[in-house]
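One structure is given here, and the rest of the page talks about it.
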Amino acid sequence: MPQPRTLFDKIWQSHLVDIQDDGTCLLYIDRHLVHEVTSPQAFEGLRTAGRGVRRPEATLAVADHNVPTTDRALEIEDEESRIQIETLADNCEAFGIQFFPMSDIRQGIVHIIGPEQGFTLPGMAVVCGDSHTSTHGAFGALAFGIGTSEVEHVLATQTLMQKPAKNMRVLVEGDLAVGITAKDLVLAIIGKIGTAGGTGHVIEYAGNAIRALGMEGRMTVCNMSIEAGARAGLIAPDETTFNFLAGRPLAPKGDDWDKAVAYWRTLPSDEGARYDREITLDVAAIPPQITWGTSPEDVVPITGRVPDPADAADENKRQAMKRALHYMGLEAGTPMQDIRIDRVFIGSCTNGRIEDLRDAAAIVRGRRVADHVGAMVVPGSGLIKLEAEREGLDQVFREAGFEWREPGCSMCLAMNADRLQPGERCASTSNRNFEGRQGRGGRTHLMSPAMAAAAAVEGRFADVREFL
Amino acid sequence: MEPFTTLTGVAAPLAMINIDTDMIIPKQFLKTIKRSGLGSGLFYELRYHENGSEIADFVLHRPSYKNAKILITGDNFGCGSSREHAPWALLDFGIRCIIAPSFADIFFNNCFKNGILPIVLPQTEIDGLVAAAENGANATFTVDLEAQVITTPDGGQVAFEVDPFRKHCLLNGLDDIGLTMEKASAIDAFESRQQTDQPWLYRQQDQPE
């Protein structure tokens with residue numbers, strides 16, 4: 001009888017082109033997403049070496065990191081941003097790669113448009129020069145972020161040199177309570193295993209709490225795998241996955257679809273497959289989760305308090321906590337719900353999808369953003385923006401006092417004009433609370449869209465369950 | 001890529017955990033379309049005040065460490081974003097070897113593509129190296145990749161592990177893409193096999209809508 005295999009083992013083994021004596025593998029890459037920030041030097045490298053792109057049709061490009069979220073009819077004010085976006089357009093033209101320009105309704109955050117177009121499919125190996133490529137693992141695709149040298153390697157050869165990762169399973173059981181979302185679930189996982197908890201591993205998320213999530217929620221979970229240090233996150237494909245993909249522009253059609261689904265059904269981990277590491281988490285009782293510090297592992301429940309460095313496990317961690325408290329302008333012991341905010345950001349590849357906007361809109365409907373708070377919603381793609389407007393969500397947000405913006409990465413990493421001022425505190429649905437991430441001196445607290453919406457209304461962190 | 005054989009120089013101690021790539025090179029430096037010149041942005045927010053003046057007590061501004069070639073640091077160095085601008089900035093500053101108890105995967109990988117050697121050592125060894133590095137300009141270390149040994153200022157030796165293939169590529173300054181190009185026929189064979197098994201991966205679908 002063949003050895004039982006994990007989902008990761010199956011995808012890995014089906015993409016091996018070559019194995020060297022020392023175990024270094026040449027892995028075939030089915031799909032490559034490209035954006036403006038991590039690609040110019042790769043294209044320049046191709047030109048210098050006189051190389052072409054091996055499979056332009058397996059490559060899709062979009063500008064997202066630098067794009068303004070204000071009126072698209074105006075020229076981009078920041079010259080460097082404009083040049084970077086123009087460079088991507090020129091490179092795509094020269095190498096025959098499909099590119100969605102800012103004027104295209106399909107433009108959006110690279111990790112949102114891949115699934116939206118059906119570019120990402122189960123069983124694939126997918127890469128992008130961006131760490132949040134882990135998002136696509138929600139479809140049962142092996143998807144991971146790479147550096148620019150590897151972007152060039154994939155453009156030239158459609159392969160990557162890799163060593164296999166270890167298998168880790170995070171088993172998530174229990175039914176999430178009302179008001180608790182995929183974001184709370186993944187923050188709880190990162191809080192438990194730490195920001196390096198998944199290093200060297202691919203995390204497969206399993207259990208009934210994962211199966212119960214829709215594709216949007218699964219993408220949120222896989223998206224933040226990198227925040228746990230994992231090489232990738234994976235969720236086995238099932239009916240939820242197939243229903244999401246059916247009819248997408250780039251998904252298989254007709255006979256191909258039936259063959260593809262039959263193949264995808266063989267992908268889930270076999271009974272008895274071995275994992276190098278297993279973690280179990282019961283989420284039935286978790287309250288909404290929020291970060292207090294400058295690492296995504298700095299997680300507390302909304303009902304909790306800012307932790308005390310005196311309780312740190314070791315001296316290195318104690319020093320890191322002290323530094324984080326100083327940077328965040330917080331004192332140990334402060335109840336999280338007493339902390340006042342200045343800004344709210346709803347969007348990003350973590351939480352910029354339609355379900356996220358619906359969740360947030362449900363909280364703000366008929367309410368007002370607190371007077372001292374500046375709040376914005378940045379949909380993840382043009383198509384999501386269109387759908388939200390069709391459902392009237394834009395009106396809900398505008399009437400409550402939110403700004404309704406054009407799609408892009410925006411204030412998740414503040415490469416465009418959307419950023420925090422020094423000392424400003426932000427309730428953010430993004431993925432990283434690093435020092436300076438949303439603008440120098442800016443203070444980021446990560447949470448779900450519904451929690452960010454509740455914070456906008458209260459002007460301080462609030463327990464979204466009191467709004468339901 | 002410039003080969004890495006032996007490296008002799010001062011080591012700068014930066015004893016913090018979870019130094020992320022946003023901290024190594026902040027976003028405003030990612031707008032470049034070149035690889036060069038990023039050294040001035042390295043650790044920008046740790047090195048410069050908001051008005052642009054130097055933060056004098058940051059390690060790389062202290063006279064002893066201005067020409068550091070080695071960085072000794074804490075757990076999970078390079079976590080976060082995949083930006084290769086992080087190793088480019090370190091390299092442009094002059095750092096070609098980073099020693100830490102652990103690294104984030106993507107950053108670790110990116111180092112080797114740029115002729116930078118990341119070395120993993122237990123925290124106890126790191127503590128000893130940090131103490132030695134505190135001696136500043138007189139504290140010269142030698143990293144010998146072939147022998148896989150670090151020689152400390154007092155002549156002590158610390159052995160380290162490195163993946164054999166990555167070592168080979170670093171020692172010889174090999175270009176990965178060139179190596180893979182030699183396997184073109186294996187890639188061709190893979191593609192024709194996959195096209196038979198999973199034809200939908202090769203079908204031109206409708207243009208995206």
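Residue numbers start from 1 in every chain, and the chains themselves are labelled A, B, ... in the order their sequence lines are given, proteins ahead of strands.
Distance check, rounded to the nearest 0.5 Å: OH of B:Tyr48 to CZ of A:Arg440 gives 11.0 Å. A:Asp18 contributes atom CG, which lies 9.0 Å from atom CD1 of B:Ile187 (distance to the nearest 0.5 angstrom). Separating the NE2 atom in B:His168 from the CG atom in A:Asp22 is a distance of 9.5 Å, to the nearest 0.5 Å.
Contact of B:Asp188 with chain A is made through backbone and side chain together, with heavy-atom distances under 4.5 Å. For B:Lys183, the part lying near chain A is the side chain, with the backbone staying farther off; criterion is any non-hydrogen pair under 4.5 Å. For chain B, the nearby part of A:Thr159 is the side chain; its heavy atoms alone come within less than 4.5 Å. Of the two parts of A:Arg231, the backbone and the side chain both hold a non-hydrogen atom closer than 4.5 Å to a non-hydrogen atom of chain B. For B:Asn109, the part sitting under 4.5 Å from any heavy atom of chain A is the side chain, from C-beta outward, and nothing else. In this structure, chain B has a heavy atom under 4.5 Å from the side chain of A:Lys163, while its backbone stays farther away. Residue contact with chain A, scored on non-hydrogen atoms closer than 4.5 Å, involves the backbone and the side chain of B:Thr32 alike. For chain B, the nearby part of A:Asn66 is the side chain; its heavy atoms alone come within less than 4.5 Å. Looking at B:Arg193, the atoms closer than 4.5 Å to chain A (heavy atoms on both sides) all sit in the side chain, from C-beta outward. Heavy-atom distances place the side chain of A:Gln162, and not its backbone, under 4.5 Å from chain B. Neither the backbone nor the side chain of B:Ile19 comes within less than 4.5 Å of any heavy atom of chain A. A:Thr148 touches chain B through backbone and side chain together, each having a heavy atom under 4.5 Å away. The parts of B:Glu50 that come within reach of chain A are both its backbone and its side chain, each placing non-hydrogen atoms under 4.5 angstrom from that chain. Heavy atoms closer than 4.5 Å to chain A are found nowhere in B:Phe107, neither backbone nor side chain. The contact between B:Leu30 and chain A is made by backbone and side chain atoms together, counting heavy-atom distances below 4.5 Å. Using a 4.5 Å cut-off between heavy atoms, B:Ile17 touches chain A through its side chain atoms alone. Contacts between A:Thr195 and chain B at a heavy-atom distance below 4.5 Å involve backbone atoms as well as side-chain atoms. For a residue to count as touching a neighbouring chain, one of its non-hydrogen atoms must lie under 4.5 Å from one of that chain's; by this rule A:Ile146 touches chain B with the backbone only. When heavy atoms are compared at a cutoff of 4.5 Å, A:Thr199 approaches chain B by way of both its backbone and its side chain. Proximity to chain A (any heavy atom under 4.5 Å) is shown, for B:Asp75, by neither the backbone nor the side chain.
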So A:Ser149 and B:Glu84, side chain to side chain donor-acceptor pair (under 3.5 Å) or not? Walk me through it.
-> CA-CA 8 Å; A:Ser149 295; B:Glu84 201 161 317; 2.4 Å; yes
Could you walk me through whether A:Asp30 and B:Gln198 pass the side chain to side chain donor-acceptor pair (under 3.5 Å) check?
-> CA-CA 11 Å; A:Asp30 300 307; B:Gln198 299 177 58; over 6 Å; no
Step by step, work out the side-chain contact (heavy atoms from CB on, under 4.5 Å) result for A:Glu435 and B:Met23.
-> CA-CA 7 Å; A:Glu435 286 182 24; B:Met23 204 178 262; 3.7 Å; yes
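Between chain B and the options A:Pro422, A:Ala49, A:Ala320, the largest number of non-hydrogen pairs under 4.5 Å is found for A:Pro422. When each of B:Ser81, B:Ala186, B:Ala104 is checked for heavy-atom pairs under 4.5 Å with chain A, B:Ser81 comes out on top. Heavy-atom pairs under 4.5 Å with chain A were tallied for B:Asp22, B:Asp105, B:Ile106; the largest tally goes to B:Asp105. Contacts with chain A were tallied for B:Gly80, B:Pro199, B:Cys79, B:Pro26; B:Gly80 has the most, counting heavy-atom pairs under 4.5 Å. Of the listed residues (B:Asn18, B:Leu179, B:Asp176), the greatest number of heavy-atom pairs within a distance under 4.5 Å of chain A belongs to B:Asp176. Most heavy-atom pairs under 4.5 Å with chain B: of the set A:His15, A:Arg55, A:Glu44, A:Glu116, this distinction falls to A:Arg55. Chain B forms more heavy-atom pairs under 4.5 Å with one residue of A:Ile226, A:Ile83, A:Asp78, A:Leu121 than with any other, namely A:Asp78. Options A:Ala196, A:Gly129, A:Gly194, A:Ala260 differ in how many heavy-atom pairs under 4.5 Å they form with chain B, and the most are formed by A:Ala260. When each of A:Gly145, A:Ser131, A:Ser39 is checked for heavy-atom pairs under 4.5 Å with chain B, A:Ser131 comes out on top.
Summarising the local packing, NZ of B:Lys69 is surrounded by 12 or fewer heavy atoms from other residues, nucleotides or ligands at distances under 6.0 Å. With a 6.0 Å radius and a threshold of 12 heavy atoms from other residues, nucleotides or ligands, A:Asp21 has its CG atom at or below the threshold. Within 6.0 Å of the CD atom in A:Glu315, the count of heavy atoms belonging to other residues, nucleotides or ligands exceeds 12. Applying the 6.0 Å contact sphere to CG of A:Asp255 captures no more than 12 heavy atoms from other residues, nucleotides or ligands.
Taking both residues in full, the closest heavy atoms of A:Leu16 and B:Phe190 are given as O-CD1, 3.7 Å, listed atom of the first, atom of the second, then distance. Of all heavy-atom pairs between B:Ile33 and A:Gln41, the closest is C-NE2, 3.5 Å. Shortest non-hydrogen contact noted between A:Leu413 and B:Arg83 is CD1-NH2, 4.4 Å. What you find for B:Leu46 and A:Arg323 is that their closest heavy atoms are CD2-NH2, 3.0 Å.
Between the side chains of B:Asn110 and A:Glu150, no donor-acceptor pair of N or O atoms lies under 3.5 Å. Judged purely by distance below 3.5 Å, without hydrogens or angles, the side chains of B:Tyr202 and A:Glu57 never pair a donor atom with an acceptor atom.
Here the side chains of B:Phe165 and A:Gln20 are in contact, with some heavy-atom distance below 4.5 Å.
Ion pair A:Arg437/B:Glu45 not flagged as a salt bridge, since none of the NZ, NE, NH1 or NH2 atoms sits closer than 4.0 Å to an Asp/Glu carboxylate oxygen. Between A:Arg54 and B:Glu191 there is a salt bridge, since at least one side-chain N of the basic residue sits less than 4.0 Å from a carboxylate O of the acidic one. A salt bridge links A:Arg51 with B:Asp175: the distance from a Lys NZ or Arg NE/NH1/NH2 to an Asp or Glu carboxylate oxygen falls below 4.0 Å. Ion pairing between a basic and an acidic side chain is recognised when a charged N comes within 4.0 Å of a carboxylate O; A:Lys259 and B:Asp197 show no such pairing.
Relative ring orientation between B:Trp200 and A:Tyr263 is described as tilted, the plane-to-plane angle lying within the 30° to 60° band.
Between the B:Lys27 side chain and the A:Gly436 main chain, a donor and an acceptor come within less than 3.5 Å of each other. Looking at B:Lys31, its side chain never comes within 3.5 Å of a backbone N or O of A:Arg82 through a donor-acceptor pair.
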